[in-house]
Amino acid sequence: MTQPAHLHPDRLFPSAEPARGIARELYAEVADLPLICPHGHTDPSWFAENGRFSNPAALFLTPDHYVLRMLRSRGLSYDDLGVPRKDGKPVAEGRAAWRLLAANYHLFAGTPSKTWVDHSLHWAFGITDELSPETADRIYDTIDAALATPELLPHAILDRARVEVIATTEFALDPLVHHQKMESAGTIGRVRTTYRPDDVTDPSRPAIVDNLKRFGELTGEDITRWEGLINAHRKRREYFRRFGAVATDHGVPTANTADLPLVEKQALLDRILAGRHDANDAELFRAQMLTEMALLSVDDGMVMQIHAGSRRNTDPLLFTERGPDLGADIPGTTDYVGGLKALLSRCGNEPNLRIIMFVLDETTYARELAPMAGYWPSLMIGPPWWFHDSPQGIRRYLDQVVETAGFYNLAGFNDDTRALLSIPARHDVWRREVAGFLANWVAEHRLTRSSASDIARHLSYQAAKDAYRIS
Amino acid sequence: MTQPAHLHPDRLFPSAEPARGIARELYAEVADLPLICPHGHTDPSWFAENGRFSNPAALFLTPDHYVLRMLRSRGLSYDDLGVPRKDGKPVAEGRAAWRLLAANYHLFAGTPSKTWVDHSLHWAFGITDELSPETADRIYDTIDAALATPELLPHAILDRARVEVIATTEFALDPLVHHQKMESAGTIGRVRTTYRPDDVTDPSRPAIVDNLKRFGELTGEDITRWEGLINAHRKRREYFRRFGAVATDHGVPTANTADLPLVEKQALLDRILAGRHDANDAELFRAQMLTEMALLSVDDGMVMQIHAGSRRNTDPLLFTERGPDLGADIPGTTDYVGGLKALLSRCGNEPNLRIIMFVLDETTYARELAPMAGYWPSLMIGPPWWFHDSPQGIRRYLDQVVETAGFYNLAGFNDDTRALLSIPARHDVWRREVAGFLANWVAEHRLTRSSASDIARHLSYQAAKDAYRIS
Amino acid sequence: MTQPAHLHPDRLFPSAEPARGIARELYAEVADLPLICPHGHTDPSWFAENGRFSNPAALFLTPDHYVLRMLRSRGLSYDDLGVPRKDGKPVAEGRAAWRLLAANYHLFAGTPSKTWVDHSLHWAFGITDELSPETADRIYDTIDAALATPELLPHAILDRARVEVIATTEFALDPLVHHQKMESAGTIGRVRTTYRPDDVTDPSRPAIVDNLKRFGELTGEDITRWEGLINAHRKRREYFRRFGAVATDHGVPTANTADLPLVEKQALLDRILAGRHDANDAELFRAQMLTEMALLSVDDGMVMQIHAGSRRNTDPLLFTERGPDLGADIPGTTDYVGGLKALLSRCGNEPNLRIIMFVLDETTYARELAPMAGYWPSLMIGPPWWFHDSPQGIRRYLDQVVETAGFYNLAGFNDDTRALLSIPARHDVWRREVAGFLANWVAEHRLTRSSASDIARHLSYQAAKDAYRIS
């Protein structure tokens, strides 16, 4: 059966020969490699419970802020799209919301969201029709029926997608109950947690004082003393490692780091615990904690991920009505050279330190990130993140980082998704783009055909394992 | 007759198949659509008087800061190019200046200026020779003779160019005498004004206090009170709408907005009227006025255009000798996320609000503008502006905005020109580039052929009508 | 004999027809033009002494911070790579270091370093094998043997590379002993010095006070008075011109300039000589000195080069252990519009002034540099610098500057290298990229074939001579 146009087997490859033919070959070499998913936001309860997904809208629409925000931007309301409200007022049901998505699916022309949805509908449900007002109900029914089958249970999806490793992300205070269950079931290893201590490192969170107190109780450390606070992290990181964690993750508005004397660190902590800190204190605390986390990584070998540069919740109305992570986070400029200076001066040459930088300010790729990763043994560049995890985003990324950082200072691919079914789609786009990029360079006689094969395999699979120290 | 190389029918299309053939087809579908020109700086007296243009240099050289600045940058003097001086000293006459342009026309290789001039010479005058020292006089004479014919009168040019709608831009204090004449003649609708109140919103203008006083007199409002000032705008906007205005326009050095309490707004106004404001006050006043304009747009439905990021008059000598708009305005970095925060928090979700952002800092395309336009229902992205209204500029723009904002959050094309004859040339470049961009994506199987047709037509014609609410 | 893949004669050209064929033709027209090398960091003793190079590692590895930093970034130690230590402790010898490079040569896939090394091995030594663990010793021995032959002496290399002019770079206090020797030998003209007064203009240097005192002694001027300091520069510039200098060079962290009243300049100098200056004073002094250098250039016609935007020595450990220029300098954001305002307002329209800007912040290409160079007669844009002197870097540069600045506001090419053998390789990459860029535009019918030839020749050869006023 021939594929319809939107699922063409050559999609995303260079359109002219000889590059197209080379891309086809390179892609064929990597298309079926297992998936390494070292950073993402899937729900650990899926893997602990292995229960069925509720309905198509809950799978493709309401958890996907990429899709929601586009529809909103063209005037559709989140009520009509079924996005829950804090006040509990009713919002649209699944099928009605799904029809709205279908009626407006042309808005997604050229977006990665469409690529992911198209791929998922085909990959998971065998659907080759494009979503449209005419096909909306038929596709909805097809998905709904399939969700009741064993083939669509979470572990079956992991199997079919050849997921070798997948990491979830949990806050420091998370009890990891789902991972405990997985430990008993023997699935830790394939599924892993990640230590994301933003809940106890970001003083801009209203609950910070309570969180720090609970952090002390949970670890039996006196978090009112700086040494105790650090010890609490040390213990909690160890606890997370029991559940497979190989990495920590830090979501920060800037890349600023600090390296203060102990007396200043203690005074800063005192102000925060007393609720007397201002925005500068909050920034300074986050900055100091990044350095502390790096020092703990030097000790325990956990890979440190820094996701910097998002200005969160820029729409106060949305936040009040429905909460975070619904599309109103927007990137800003980020200074990596100045920001990371304190941390790198302190421990950037430590052989055991590994930091993976994720970037929303593409201007830093060639100007800062590639030169830094091409110098510091501790620094690697993560794959294009968020809005930039897209065909053009990947092209701009490779264009701007490779010549200075080389291919081997890249951390491979992360899908970084909340949408389980988009995982194979996202890895597929990455592999196609890597194949296309390398094919262009082979066709320009900048890489030999055999080193292109090596690099394609590396970036599709091994780089992520190596970067995250997954053995 | 075959076209000479510089007017090749395939110009700007991808050079390799299959993309080239697809681009040809897409272009053929849109090449002859009418022109929507919702933002520009043509002289309304042209359309009110329909008189003849004086001479070739006055048409192609002296009003075109793109052309002037390039010649100046290579050492030619504005005196020799015929640019009027404030002190009234003589400058070169038309033909001498024209010969200088011709003698240096090789400097324009690869620039959009050359594309526009070449296209205009051919389109308006049937000239297929390239401008050069050898052809200078012949071309000058051909143009000069043609300018005396009815085919080169302003309305005939609009007809031939299939201009369906064209907007001029007038300051708030402008009496709109030319538009009044057009109203009598029944040509308002095809020609429209635009409300650009920089003369009464920008305290860095030396005449600001006088301007505000005249604004009060003109509207019968007490502009010493904040409410009166806003009322004056409300009335003046209504007056502009009588002459076809569908939009306002705001030329600001930054994208900063503010949302102050009334008492602070009044105090700020008091300082400005007393001549006691500093640069911070000026910035704050502009910032607050942007929010006020947005609130008025919520009421009256006028589309708000923000042209942010130009540092004006960076050469004090030029400004002293000859005045503004002669090539010494240079872009700077612009912060849209932080800048627009106050305005968007206040009214960004209002269904009646529409803001079109024009950008000189391309780093914000993917980092800020596309994510913002892909979220806020009130925000659209204007076409590449000024230095970026060029083939490469359009490619960078589409590359960086489409994946996150989609095609349907774009406002189509604006020619934004003072040069009447460049209007069809500029739209032609846009349509060729859109066709080429879409063709590449069709050839990479990222868009279906039929959705590419839809998008090409939309971006060439309907998007501008929709964005500006032109019915 | 056919070339191996990594030395393919079509390398870097567009891979599809018709652009590839056009690129081949254009390249053939410029490939053998003489080399103009108006800015670089080769060692003048090489040309004064014409002695043999010591060994392969000393030629290709230890002086090349591009190569060193990449190896370091993947965990290799500078000790093992033979980089000398300040404490004199032993480091690896040449052959051992060379083997390490060979064993890790895959890390350089896709980097300009590999292009330069591959080209140099072939061009200078006839080596067509790729460097690898298997070929390491054989290649080492081949090079080592060749270094003993007359063909590999510095002047023979210049001859073979068709170097017409090459400039070295010396600090203001440098006695120019090697150039004195060359003057006696009659080789000044082909080899020239460049006046780089950072040693007496940058107060962040610990030795600044001593340096200024020596500067006074050297010139017989009273450098404690501002006028004397400027006179000292005037005399020293004249001295450098005796040894062929046509240009000055200024390495500055920002592009900031100042134009202070004399009393403030004197007070600033007083603080510096008293050792009482802070970081702001240092920045202000550098800023003022840039304007002073421009004013001196107006007088003496020396071309002023500004290399702005590098944050130097970001790794304190490296600096302490081994010193500067070993890979830890990282670019930062740079504001050219605001930064150059004082200087350009003072003398930007002076016909005798020429400033060539070198840029590490690519975001300024289209936003600031091209608009500025396309306006100011005194400003030209230097070629892509440092990390951006690479195929993709050159493509981004041409993409972003040409449409606004034109081809004729570009200063041609600089190799800017410390590595003599990389000079022909670097010019070759530039010429290939220029040919490829122009070929694409010819294939898109944006340039005529004959103007592409003119521009290719200009950018490959004449532009540098013109920009640097080399007759």
Side-chain angles (χ1 to χ4, degrees), chain A residues 14-20 22 333 335-338 340-341 344-346 348-349 351 362-380 398-409 437-452 454-455, chain C residues 3-17 20 65-66 68-70 72-77 104 106-115 130 309 311 314-318 326-334 360-363 386-393 395-396 436:
Chain A
S15 62
E17 297 295 349
R20 182 175 53 179
I22 303 167
T333 55
D335 172 9
Y336 291 93
V337 193
L340 292 177
K341 185 176 181 182
L344 291 170
S345 295
R346 178 66 185 272
N349 287 308
E362 291 179 314
T363 68
T364 64
Y365 282 158
R367 188 181 59 219
E368 302 173 31
L369 268 292
M372 293 171 82
Y375 172 77
W376 292 101
S378 52
L379 268 192
M380 300 189 85
L398 293 172
D399 168 14
Q400 292 179 58
V401 304
V402 166
E403 289 185 320
T404 296
F407 289 104
Y408 293 92
N409 279 305
F437 182 86
L438 295 171
N440 279 323
W441 282 23
V442 171
E444 293 179 6
H445 310 288
R446 300 165 70 174
L447 286 176
T448 59
R449 180 66 187 73
S450 70
S451 78
D454 292 344
I455 294 164
Chain C
Q3 301 281 29
H6 70 291
L7 296 168
H8 196 284
D10 284 344
R11 63 190 182 277
L12 299 178
F13 295 160
S15 63
E17 296 295 349
R20 182 174 54 181
H65 54 68
Y66 293 88
L68 290 172
R69 69 196 312 279
M70 175 66 87
R72 189 182 196 287
S73 79
R74 301 303 302 141
L76 280 75
S77 87
N104 291 279
H106 66 286
L107 298 178
F108 294 91
T111 67
S113 296
K114 181 176 190 306
T115 306
E130 235 181 325
R311 307 196 225 186
T314 65
D315 182 359
L317 181 65
L318 176 76
L326 287 167
D329 301 341
I330 311 281
T333 55
T334 312
L360 289 173
D361 180 358
E362 292 179 313
T363 69
W386 203 327
F387 299 114
H388 307 318
D389 175 12
S390 65
Q392 299 301 121
R395 292 177 197 185
R396 291 192 297 266

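Computation of the quantities below employed the complete heavy-atom set of this structure, encompassing side-chain atoms and omitting hydrogens, waters and symmetry-equivalent molecules. Here is the naming used below: chain letters follow the sequence lines, and residue numbers restart at 1 for every chain.
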Check whether [X] gets within reach of chain A through its side chain, its backbone, both or neither, counting any heavy atom under 4.5 Å.
X	result
C/His106	both
C/Phe13	backbone
C/Arg311	side chain
C/Pro391	both
C/Glu130	side chain
C/Gln392	both
C/Ser390	both
C/Arg396	side chain
C/Thr333	both
C/Leu12	both
C/Leu7	neither

Check this for me: A/Arg346, atom CZ, are more than 12 non-hydrogen atoms of other residues, nucleotides or ligands nearer than 6.0 Å?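 Open: at most 12 neighbouring heavy atoms sit under 6.0 Å from CZ of A/Arg346.
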Tell me if a side-chain donor or acceptor on [X] pairs with a main-chain N or O of [Y] at a distance below 3.5 Å.
X	Y	value
A/Ser378	A/Gly348	yes
C/Arg69	A/Pro371	yes
A/Tyr365	A/Leu398	no

Would C/Arg72 and C/Asp315 count as a side chain to side chain contact (heavy atoms under 4.5 Å, CB included) if you check the C-alpha gap in whole Å, the side-chain angles of each, and the deciding distance to 0.1 Å? CA-CA 13 Å; C/Arg72 189 182 196 287; C/Asp315 182 359; 3.4 Å; yes
Please identify, among [options], the residue contributing the most non-hydrogen atom pairs under 4.5 Å to chain C.
options	answer
A/Asn440, A/Asn349, A/Thr363	A/Asn349
A/Ser451, A/Ser345, A/Ala370, A/Ala16	A/Ser345
A/Val402, A/Asn409, A/Leu447, A/Asp335	A/Asn409

Tell me whether the rings of A/His445 and C/His8 are parallel (<30°), tilted (30 to 60°) or perpendicular (>60°).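 Parallel, since the angle between the ring planes stays under 30°.
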Residue, of [options], that accumulates the most heavy atom pairs under 4.5 Å with chain A:
options	value
C/Pro14, C/Gly332, C/Gly436	C/Gly332
C/Gly309, C/Ala5, C/Ala109	C/Ala109
C/Lys114, C/His65, C/Arg74, C/His388	C/Arg74

Is [X] close to chain C through its backbone or its side chain, or both, or neither, when contacts mean heavy atoms under 4.5 Å?
X	answer
A/Ile455	side chain
A/Glu17	backbone
A/Ala452	neither

C/Phe387 to C/Tyr66 - nearest heavy-atom pair and separation: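 Closest approach of C/Phe387 to C/Tyr66: N-OH, 4.3 Å.
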Heavy atoms only: give me the nearest C/Met70-C/Leu107 pair and the separation to one decimal.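 The pair with the smallest heavy-atom distance is CE-O, 3.9 Å.
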Does some side-chain heavy atom of C/Thr334 sit less than 4.5 Å from a side-chain heavy atom of C/Leu360?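 Heavy-atom side-chain distance check fails, nothing below 4.5 Å.
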Take C/Asn104 and A/Tyr408, measure what side chain to side chain contact (heavy atoms under 4.5 Å, CB included) needs, and give me the verdict at the end. CA-CA 11 Å; C/Asn104 291 279; A/Tyr408 293 92; over 6 Å; no
Measure the CH2-CG distance between A/Trp376 and A/Leu340 for me, rounded to the nearest 0.5 Å.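 If we round to the nearest 0.5 Å, A/Trp376:CH2 and A/Leu340:CG are 10.0 Å apart.
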Any Lys/Arg nitrogen of C/Arg395 or A/Glu444 sitting under 4.0 Å from an Asp/Glu carboxylate oxygen of the other?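 A salt bridge links C/Arg395 with A/Glu444.
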